[in-house]
> 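First the structure, which I've put down as structure tokens, then a few questions once you've had a look.
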Amino acid sequence: MTDRQDDQSASQAALDFIRSREVDRVADYMRRGRTHTMLSSDDLIAQWISSIKGIADAPFDKGARTINNDLEAELSLRGMEPPYERARQCLARYTAIMSGEIERIRGNQEEWEQLMDDLVKDLQTFKNERDKSN
């Protein structure tokens, strides 16, 4: 296999991993009772926008992330896309905070290597499980 094929395979595994995690989040939301099903579409969108603000205000708060994941799962189940443009400023603020955190971690060799090792392990575990199921 060439380096290019290796890169394409790794990229495809990463995309598959991300998609699998999205499916897992939707399934988890459904298992827990689909708590946002009674919201109107307008209210669902308003709460999603509010959840993006919550994440931007507290980017390391797992509770804020869970709320956002559940709202995105409900949007997905309804065949709706999150209105990213309406939350552009909060998303930009969140992205800036997370970019700064990545740069901070990059500045610490040990922490960076641990993050990369964890990522590689997660991807390899996913790839092994995916390959076993085929």
Side-chain angles (χ1 to χ4, degrees):
M1 191 175 278
T2 67
D3 286 344
R4 183 178 169 156
Q5 289 171 321
D6 284 342
D7 288 347
Q8 288 175 335
S9 177
S11 293
Q12 187 60 51
L15 287 173
D16 291 347
F17 176 75
I18 291 167
R19 288 182 186 124
S20 177
R21 296 293 298 261
E22 290 171 5
V23 169
D24 291 346
R25 282 192 295 272
V26 170
D28 179 57
Y29 169 70
M30 290 178 67
R31 252 189 316 278
R32 289 182 287 110
R34 203 172 167 186
T35 56
H36 302 293
T37 192
M38 300 305 286
L39 293 174
S40 69
S41 293
D42 289 342
D43 287 342
L44 178 60
I45 288 169
Q47 285 196 22
W48 179 84
I49 292 168
S50 178
S51 77
I52 294 296
K53 182 182 181 315
I55 289 172
D57 290 344
F60 304 104
D61 180 352
K62 289 184 181 182
R65 172 60 64 195
T66 297
I67 291 167
N68 177 261
N69 286 343
D70 285 355
L71 292 164
E72 285 190 3
E74 184 62 39
L75 286 166
S76 176
L77 289 166
R78 294 184 190 191
M80 299 170 66
E81 285 290 321
Y84 297 110
E85 184 59 33
R86 290 180 56 190
R88 182 173 23 100
Q89 289 179 330
C90 291
L91 288 167
R93 190 162 40 99
Y94 174 75
T95 300
I97 291 167
M98 296 313 290
S99 293
E101 181 66 8
I102 289 169
E103 289 307 311
R104 183 194 67 74
I105 292 170
R106 275 191 177 177
N108 180 325
Q109 184 73 21
E110 186 176 310
E111 196 172 359
W112 181 255
E113 287 176 5
Q114 183 63 52
L115 179 65
M116 291 299 103
D117 288 347
D118 291 347
L119 179 60
V120 168
K121 286 176 189 172
D122 286 348
L123 286 171
Q124 191 60 50
T125 298
F126 167 77
K127 190 174 179 195
N128 291 341
E129 290 173 2
R130 181 193 62 188
D131 293 348
K132 276 195 288 188
S133 69
N134 290 330

> Show me the donor-acceptor pairs within less than 3.5 Å that the side chains of residues 13-21 make with the rest of the protein, sequence neighbours left out.
{"residue": "Asp16", "atom": "OD1", "partner": "Gln12", "partner atom": "NE2", "Å": "2.8"}
{"residue": "Asp16", "atom": "OD2", "partner": "Arg130", "partner atom": "NH1", "Å": "2.7"}

> Using the ring-ring contact (aromatic ring centres under 6.0 Å, His included) rule, collect all pairs that involve residues 100-120, keeping only residues at least two apart or in two chains.
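Listed by first then second residue: nothing to list.
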> Roughly how far, to the nearest 0.5 Å, is the CG atom of Leu119 from the CG atom of Leu123?
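Between Leu123 CG and Leu119 CG, I get 4.5 Å after rounding to 0.5 Å.
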> Look at the side-chain heavy atoms of Ile, Leu, Val, Met, Phe, Trp and Tyr, link any pair under 4.5 Å apart, and say whether Tyr29 and Leu44 land in one connected group.
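No.
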> Nearest 0.5 Å, please: how far is CG in Asp61 from CD1 in Ile67?
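Here the interatomic distance stands at 7.5 Å.
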> Which of these passes side chain to side chain contact (heavy atoms under 4.5 Å, CB included) with Ile105: Glu111, Met116, Glu113, Glu110?
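Exactly one pass, corresponding to Glu111.
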> Taking only residues two or more places apart in sequence, or in another chain, which ones meet Asp43 in a salt bridge (charged side-chain N to carboxylate O under 4.0 Å, His left out)?
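Listed in chain order: nothing, the list is empty.
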> Scan residues 47-56 for pairs that pass salt bridge (charged side-chain N to carboxylate O under 4.0 Å, His left out), counting only residues two or more places apart or in two chains.
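Sorted result for residues 47-56: Lys53-Asp57.
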> Does the side chain of Leu75 come within less than 4.5 Å of Leu71's, by heavy atoms?
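The answer is no; the side chains never approach within 4.5 Å.
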> Nearest 0.5 Å, please: how far is CG in Asn68 from CD1 in Ile49?
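If I round to the nearest 0.5 Å, the distance is 11.5 Å.
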> For Met38, which fellow cluster members are found when Ile, Leu, Val, Met, Phe, Trp and Tyr are connected by side-chain heavy-atom distances below 4.5 angstrom, either directly or through intermediates?
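Answer for Met38: none, a lone residue.
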> Can you establish whether the number of heavy atoms outside Met30 located under 6.0 Å from its atom CE is more than 12?
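Not more than 12 within 6.0 Å, no.
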> Got a sec, which residues hit side-chain hydrogen bond (donor to acceptor under 3.5 Å, both in side chains) with Arg88, two or more places apart in sequence or on another chain?
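Applying side-chain hydrogen bond (donor to acceptor under 3.5 Å, both in side chains) to Arg88 gives Glu85.
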> Any side-chain to backbone donor/acceptor pair from Ser76 onto Glu72? Under 3.5 Å, distance only.
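Side chain of Ser76 to backbone of Glu72, a donor-acceptor pair under 3.5 Å: no, none is there.
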> Say whether Leu39 and Met80 are linked into one hydrophobic cluster, either directly or through other cluster members, by side-chain heavy-atom distances under 4.5 angstrom.
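Yes: a chain of side-chain contacts under 4.5 Å links Leu39 to Met80.
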> The criterion is side-chain hydrogen bond (donor to acceptor under 3.5 Å, both in side chains); which residues satisfy it with Asp118, sequence neighbours excluded?
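Partners of Asp118 by the side-chain hydrogen bond (donor to acceptor under 3.5 Å, both in side chains) criterion, ordered by chain and then number, come out as Gln114.
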> Do the side chain of Ser50 and the main chain of Ala46 share a donor and acceptor less than 3.5 angstrom apart?
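Judged by distance alone, no pair lies under 3.5 Å.
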> Can you tell me which residue pairs pass the salt bridge (charged side-chain N to carboxylate O under 4.0 Å, His left out) test with a partner in residues 94-103, sequence neighbours excluded?
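Sorted pair list: Glu101-Arg104, Glu103-Arg106.
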> If you measure from CD1 on Ile52 to CD on Gln89, what distance do you get to the nearest 0.5 Å?
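These two atoms lie 13.5 Å from each other.
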> Could you tell me which residues satisfy side-chain hydrogen bond (donor to acceptor under 3.5 Å, both in side chains) with Glu22, sequence neighbours excluded, listed by chain and number?
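By the side-chain hydrogen bond (donor to acceptor under 3.5 Å, both in side chains) rule, Glu22 matches no residue at all.
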> To the nearest 0.5 Å, what is the distance between CG (Asp70) and CD (Gln47)?
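The distance works out to 11.0 Å.
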> Salt bridge (charged side-chain N to carboxylate O under 4.0 Å, His left out) with Glu74: which residues, sequence neighbours excluded?
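Counting only residues at least two positions away or on another chain, Glu74 forms a salt bridge (charged side-chain N to carboxylate O under 4.0 Å, His left out) with Arg34, Arg78.
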> Rounded to the nearest 0.5 Å, what separation is found between the CZ atom of Arg86 and the CG atom of Leu91?
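So the CZ of Arg86 and the CG of Leu91 are separated by 12.5 Å.
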> Which pairs with one or both residues in residues 41-92 pass ring-ring contact (aromatic ring centres under 6.0 Å, His included), sequence neighbours excluded?
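Checked against ring-ring contact (aromatic ring centres under 6.0 Å, His included) - neighbours excluded - the pairs reaching residues 41-92 are Trp48-Tyr84.
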> Please give me the minimum heavy-atom distance between Pro83 and Ile45, naming the atom from each residue.
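Looking at all heavy atoms of both residues, the shortest contact is CG-CG2, 3.5 Å.
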> Under the salt bridge (Lys or Arg N to Asp or Glu O under 4.0 Å) criterion, do Asp28 and Arg32 qualify, and how do the steps go?
CA-CA 6 Å; Asp28 179 57; Arg32 289 182 287 110; 2.9 Å; yes
> What is the minimum heavy-atom distance between Ala56 and Ile97, and which atoms define it?
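The answer is O-CD1, 3.5 Å.
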> Under the side-chain hydrogen bond (donor to acceptor under 3.5 Å, both in side chains) test, which residues partner Asn69, sequence neighbours left out?
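With sequence neighbours excluded, Asn69 shows a side-chain hydrogen bond (donor to acceptor under 3.5 Å, both in side chains) to no residue whatsoever.
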